[in-house]
Amino acid sequence: MSSTTMVCFWCILFPSLFLSAFAGEDKLTTDGDIILGALFPIHQIGRTEKECGVFNELVGYQYMEAMLYALDKINERNDILPGIKLGSIIYDTCRSPIITADKTKEYIKVTLKKSTPNSTEFAGVIGAFKSGNSVIAANFLRVFRIPQISYGSLTVKLSNKNVFNYFLRTVPPDSFFAAALVKLLLRMGWTYVSIVYSSGTWPETGAEEVRKALKNDKICVAKSLQLSRFPTPEDFARIVEELTQDSQPRIVVLVTIQRDSRGLLVAKKKNPRGSRLSLVGSLEWSNRRDITQGLDDIADGTIAFGHREGRIPEFEYYFRNLTFKNYSRNNKYWIGEYWQTTYKCKLRNISVPTNYTNYCSEDEMNRLNTGYKELAPVQVVINAVQAMARGLDALQRHKCPNTTKICKAMRPLDRTLLLEFLRNVTYNDAAFHFPVSFNAKQEVDGNYTLFNFRWDNSSYKYIEVGSWVSRLNSDGVIEGRLVLDDSKIRWAKGNKTAPLSTCRPKCKRNEITIIREDQCCHKCQACAANAVVVNNTCRPCDEGHVPNKNVTSCKKLPLRYVNMDTTLAGFLAFFAVLGIVADAIVFAIFKKNSGNKLIKACGREMCYFMFLGIATIFVVPLSSLSKPTQSLCYFRRFIMGVSFTLCYAPLLMKMFRIHRIFTNANRLQRSSNLIGRRSLLLITTGLVAVQGLFCVLVFSSDPPKLREKFYPQRDELALECDFKRTSFAIYFLYNLVLIVWCTFYAFRTRHFPKNFNEAMHIGITMYLTCVVWVVFLATFLNADYSISRVYWLSATSLLIGWITLLGLFAPKVYQLYTKTEFPKGMLMPWSDSMFPKAESSLDITDACRRQEIDGVRANGSQGSTSSNKAHVLKPSGLSNTGLVN
C-alpha cells in the first residue's frame with residue numbers, strides 16, 4: 001500500500017488526527033471538577049475547509065483568553081459553585097464547518113464516559129463563533145442533550161427552539177440587527193439600497209432577514225448579490241462594477257465576513273466610480289481595524305453596527321500582562337503564534353511556522369504589551385461563561401442543598417435540568433454590570449453601538465455616533481429605540497450632508513405617487529393645476545374653487561368684481577362725475593339763454609334730448625364700476641342701449657333737418673313739414689321708444705342674470721352680469737344705425753355754413769365717434785374677461801360722452817359768449833314751416849338775393865363775383881324777415 005493511500009485511510013478513520021497535523025496544537029485544557037467545552041476560531045480558514053489558515057488574534061485568540069480569564073475569576077469566588085472548580089477543553093475550529101463537526105464529536109465522546117465518584121463532569125459547550133459552525137455543533141449536541149451557549153452566532157435559524165432547543169446565546173440574532181438597520185435607513189431617508197452578502201449560514205440567513213425587514217417597511221432593494229465561498233479579486237471587482245451602475249442606489253448594506261468586507265473595499269478603490277458608494281456594515285464589520293487597514297480613505301464615511309461594547313479593565317490588565325515566558329497554560333503553541341505576530345520575530349525552541357527570520361530577544365519574550373492594543377468585544381464570551389456558571393450553581397444548590405462541591409445527587413450531571421436553570425438564569429453583564437436574562441427564545445435582546453469610520457483630528461477612527469436598544473415583547477415583536485447623533489457623522493471626504501439613496505422621491509403637495517413595475521419604487525406625477533390630492537388620487541375642483549395651501553381640499557375663490565377701490569376705476573368714475581357736472585352746466589347755460597337767437601337756431605328741444613342722453617352716457621361707467629347686483633344688471637343693460645339712443649336719435653333728427661334745408665335750398669324747393677319742431681320731437685321720441693321696445697323684448701327672452709364665472713387662465717372667480725354677444729348686438733346694432741346715419745348726414749352737410757358751421761362741428765364729432773366705436777367693438781367682443789369688458793365699456797362711454805359734449809356744445813357756448821350780433825341769414829329758424837308761402841319763384845329769388853347781400857355784409861367782405869355766386873348757390877331758404885322763431 002502506497003504512502004498516499006495510507007494517509008487517506010487514516011484521514012477517514014481519524015479525521016481529527018489528520019487535521020491536527022496541519023493545525024499544530026489544536027486543543028487547550030485546564031483541570032476542573034466540571035468541564036466546559038469551548039470552540040474558538042484561533043485560526044482563519046485555509047485554502048480549503050479542511051485546512052487552517054493564518055493566526056486569528058481578533059477575535060479568536062482574544063476570545064479564548066477571555067474564557068480562561070472568566071474561569072479563573074469564577075474559580076476564585078466563593079459565592080458561585082463553592083468548592084467546585086471549573087475546567088475547560090478548548091478546540092480551534094479554524095472557522096471550518098468540517099473541523100467544527102469533528103471537534104464537537106470529541107465532546108460527545110467525553111459525555112459518553114461512565115461517571116464515577118472522582119471523575120470530572122462535562123456540563124456544556126461555549127461556542128461556536130460562526131453561525132454555520134454553531135448550527136453544525138447544535139445538531140450534534142441536542143441529540144445528546146448537551147447545552148450550548150454561543151458568543152457570536154447571529155443567524156436567526158438558531159432561534160427555532162423546536163429544532164435547536166439546547167442552544168442559547170449571549171448575542172442577539174439577525175432579526176434584531178435587521179430591525180435596527182431599518183430604523184437607521186429610514187432615519188437617513190435611504191429607501192433604495194443594495195445588499196451584498198457572503199456565502200455561509202449567517203450571511204445567507206442574515207441577508208434574508210434583512211430583505212424581509214426592508215420589505216415590511218417598504219424599503220426597496222435594487223440588487224441582492226452573493227459572493228462565492230472563496231471569492232477572487234475578479235469576483236469583488238464584478239460586484240462593485242454592478243453596484244456602481246447609474247441606476248443603482250448609493251447605499252450598500254454589507255452582510256459579509258471580515259475577509260469579504262476588505263475584499264470589497266479593495267475593489268471599490270480600484271473602480272473609478274467606486275466613490276459613489278456609501279457602505280453600511282453589519283456586526284461582522286463593527287469597529288474592526290483589520291478591515292480598513294491601508295484602505296482608510298476608501299472606507300471613509302462608513303456606518304457600521306457593533307455589539308454594545310464596554311471596557312473591562314480587569315481583562316485588559318490580564319491580557320496586556322501575558323508574556324510567552326510566564327504563560328502557564330498547557331498549550332504554548334497558540335500564544336507563540338500570538339507573540340510572533342505581535343512582535344514580528346521568531347521564537348526559539350518552538351515549532352510555530354512564521355515568515356520572520358530574526359529571533360525574538362529575551363526582552364521581547366518577557367515584554368508586557370503596554371502600547372495600543374485593539375481588543376475584541378470579549379464581554380460576550382465572559383457573559384457566556386458566567387451564564388453557564390450561574391446555571392451550574394443553581395443546579396448544584398438544587399441537587400446539593402447546604403453542601404459544597406459535587407454531591408452524589410449531581411452525578412451523573414443532569415444536563416437537561418441544567419438547561420432549565422440556564423433558561424432562567426440572570427447574570428451581570430461583564431462590561432456594563434446590569435443584569436441580563438435570556439428571553440423566550442433563549443437569547444439576549446439586541447443592544448448595538450453604531451460607529452462612523454471617519455477622519456478625526458490626525459487619523460481615521462471609529463467614532464461612536466449612536467446606539468440601538470431593543471427587546472422582544474411578549475408577542476414576539478421586536479421593540480427598539482434608535483439614538484443617533486447626526487452632528488458627529490461625517491461622510492466621505494468630511495461631507496456633513498448624508499448621501500441620497502431613494503427610488504421613492506418625496507412628492508410635492510400637488511403630486512401623487514405612481515408605483516413602478518417592481519411594486520416598490522415609485523415616481524411622482526403632478527396633478528392638474530385645479531386638482532387636489534385625496535388618497536393618492538388627483539381630484540379636480542369644481543369651477544370657481546381652487547386647491548388650498550396643502551392641496552388636500554378645494555376652497556372657493558374670493559369673488560372678483562370691479563369697484564371704486566381700484567385706481568383705474570376711480571379715475572374713470574371721477575371723469576364720469578365730472579362729465580355729468582359739465583353736462584349740467586352746459587344745460588343750465590342753454591336753459592338760461594333759451595331765448596337767445598343762437599340757442600333757438602340750435603334746436604332747443606333736440607339739445608335737451610342730447611343733454612339727457614350725454615348725462616346717461618356718463619352714468620354708464622358709474623353703474624358698471626359698482627359691485628354687481630341683480631337689479632343693477634337690469635339697469636346696466638337698459639341704460640347701455642337707451643343712453644346712446646337718447647343722444648343719437650335727436651342728433652339724427654337735427655342732421656336730417658340740416659340736410660333737408662341744405663338740399664332744398666340748393667334746389668330752390670320748399671321744405672317738408674317733417675322738419676318742423678313738433679314733427680322732429682315726435683320722431684325722436686319714437687326712435688327712443690323703438691330702443692325701449694328692444695330692451696323689453698330682450699329682457700323677456702334673455703333676462704339679465706347675476707352669475708359667478710370662473711376664469712381658469714387667471715384662477716379668478718368673477719361676479720358679473722351675464723353677457724351674451726347676441727344680446728349685445730341687439731342693443732348696439734340699432735345705435736350703430738343711428739350713428740352711421742348721423743355720420744352720413746354730417747358728411748353731406750359738411751360745407752353748410754349756418755349756425756357758424758354747425759354741420760362741420762357735428763361731422764368732426766361723428767367721425768371721432770365712429771373711430772371710437774370701431775376700436776371699442778373690436779376689443780370688447782374679443783375680450784373674454786368680464787372685468788376687462790367692464791373697463792372697456794366704461795372708458796368708451798366716457799370718451800364718447802366727452803367727445804359728444806365738447807364736439808356739439810363747446811362751439812355753441814363759445815359763440816354764445818363771444819358773439820353779440822347775429823347777421824341775418826346766419827342762423828336757421830326752427831318754426832314748423834320753414835319757408836314763406838311765396839306765390840312765385842321770383843319771390844324766392846329775391847329772398848335768396850337779399851340773403852346773399854346780408855351774408856356779404858355780415859362777413860364785411862367785398863368779394864369777387866364768383867364768391868358771391870357761391871353764396872347764392874347755398875342759401876338757407878330763409879324768410880324775408882330773416883328772423884328766428
Any donor-acceptor pair under 3.5 Å linking the side chain of Gln630 with the backbone of Pro704?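 Yes: the side chain of Gln630 pairs with the backbone of Pro704.
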
Kindly say whether Leu719 contributes a backbone atom to a donor-acceptor pair with the side chain of Lys709 at under 3.5 angstrom?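 A pair under 3.5 Å: no.
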
Any idea which heavy atoms bring [X] and [Y] closest together, and the distance?
X      : Y      : answer
Ser224 : Tyr197 : OG-CE2, 3.4 Å
Trp455 : Asp300 : N-OD1, 4.0 Å
Pro41  : Tyr151 : CD-OH, 3.6 Å
Pro231 : Phe236 : CG-CZ, 3.4 Å
Gln62  : Leu375 : OE1-CA, 3.2 Å
Tyr63  : Ala376 : CE1-CB, 3.9 Å

Kindly assign one of parallel, tilted or perpendicular to the pair His307 and Tyr448, based on the angle between their ring planes and the thresholds 30° and 60°.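 The arrangement is tilted - the two ring planes meet at 30° to 60°.
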
Could you tell me whether the side chain of [Y] reaches within less than 4.5 Å of the side chain of [X], counting heavy atoms only?
X      : Y      : answer
Leu484 : Ile489 : yes
Thr292 : Tyr462 : yes
Asp235 : Phe230 : no
Phe167 : Lys161 : yes
Leu158 : Ser153 : yes
Lys269 : Leu295 : yes
Pro547 : Asn510 : no
Asn548 : Ser553 : yes

Can you check salt bridge (charged side-chain N to carboxylate O under 4.0 Å, His left out) on Glu208 and Arg211, steps first, answer last? CA-CA 5 Å; Glu208 179 61 28; Arg211 282 192 293 267; 2.8 Å; yes

With rounding to the nearest 0.5 Å, note down the distance linking [atom1] in [X] to [atom2] in [Y].
X      : Y      : atom1 : atom2 : answer
Trp285 : Asp260 : CH2   : CG    : 11.5 Å
Asp445 : Asn439 : CG    : CG    : 5.0 Å
Tyr460 : Asp297 : OH    : CG    : 5.5 Å
Lys556 : Cys541 : NZ    : SG    : 13.5 Å
Thr244 : Asn271 : OG1   : CG    : 4.0 Å
Ile195 : Leu214 : CD1   : CG    : 5.0 Å

Do any pairs count as a disulfide (SG to SG under 2.5 Å) and have a residue in residues 230-284, sequence neighbours left out, and if so which ones?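 Matches after skipping sequence neighbours: none remain.
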
CA sep, side-chain torsions, deciding dist, call: Glu284, Ser261, side-chain hydrogen bond (donor to acceptor under 3.5 Å, both in side chains): CA-CA 9 Å; Glu284 278 285 299; Ser261 298; over 6 Å; no

Determine if the SG-SG distance between Cys520 and Cys220 falls under 2.5 Å. yes

CA sep, side-chain torsions, deciding dist, call: Leu184, Leu186, side chain to side chain contact (heavy atoms under 4.5 Å, CB included): CA-CA 5 Å; Leu184 172 67; Leu186 293 177; over 6 Å; no

Under the side-chain hydrogen bond (donor to acceptor under 3.5 Å, both in side chains) definition, can you give me all pairs with a residue in [range], not counting sequence neighbours?
range            : value
residues 525-547 : Thr513-Asn536
residues 466-480 : Trp468-Ser470, Arg471-Glu479, Asn473-Glu479
residues 482-499 : Arg187-Asp486, Asp485-Ser487

Would you please say whether a donor-acceptor pair under 3.5 Å links the side chains of [X] and [Y]?
X      : Y      : result
Ser159 : Glu443 : yes
Thr256 : Ser198 : no
Glu234 : Thr232 : yes
Gln248 : Glu242 : no
Thr566 : Tyr791 : yes

From Thr201, Thr205, Asp174, residue fulfilling side chain to side chain donor-acceptor pair (under 3.5 Å) relative to Thr155: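 Going through the options one by one, the only one that passes is Thr205.
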
Non-neighbouring partners of Arg288 that pass salt bridge (Lys or Arg N to Asp or Glu O under 4.0 Å), sequence neighbours left out: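 Here the qualifying residues are Asp290.
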
[atom1]/[X]: more than 12 non-hydrogen atoms of other groups inside 6.0 Å:
X      : atom1 : result
Trp792 : CH2   : no
Leu500 : CG    : no
Lys157 : NZ    : no
Arg229 : CZ    : yes
Arg481 : CZ    : no

Determine whether Arg95 and Glu49 satisfy the following criterion, salt bridge (charged side-chain N to carboxylate O under 4.0 Å, His left out), listing intermediate values before the conclusion. CA-CA 8 Å; Arg95 293 178 175 261; Glu49 293 185 354; over 6 Å; no

Among Ser134, Pro173, Ser282, which residue satisfies the side-chain contact (heavy atoms from CB on, under 4.5 Å) criterion with Trp202?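 Running side-chain contact (heavy atoms from CB on, under 4.5 Å) over Ser134, Pro173, Ser282 with Trp202 returns exactly one hit, Ser282.
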
Lys212/Glu209 salt bridge by N-O under 4.0 Å criterion: yes

Please evaluate residues Leu264 and Ile239 with respect to the criterion side chain to side chain contact (heavy atoms under 4.5 Å, CB included), reporting the C-alpha separation (whole Å), side-chain torsions for both, the decisive distance (0.1 Å), and the verdict. CA-CA 8 Å; Leu264 288 169; Ile239 293 292; 4.0 Å; yes

Do Val135 and Phe164 pass the side chain to side chain contact (heavy atoms under 4.5 Å, CB included) test, and can you show the C-alpha distance, the side-chain angles, and the key distance before you say yes or no? CA-CA 8 Å; Val135 170; Phe164 304 102; 4.0 Å; yes

Can you pull the salt bridge (charged side-chain N to carboxylate O under 4.0 Å, His left out) pairs that have at least one residue in residues 499-511, sequence neighbours excluded?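 For residues 499-511, and leaving out neighbouring residues, there are no salt bridge (charged side-chain N to carboxylate O under 4.0 Å, His left out) pairs at all.
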
Residue pair Phe177, Leu154: steps toward the side chain to side chain contact (heavy atoms under 4.5 Å, CB included) verdict: CA-CA 9 Å; Phe177 165 69; Leu154 305 175; over 6 Å; no

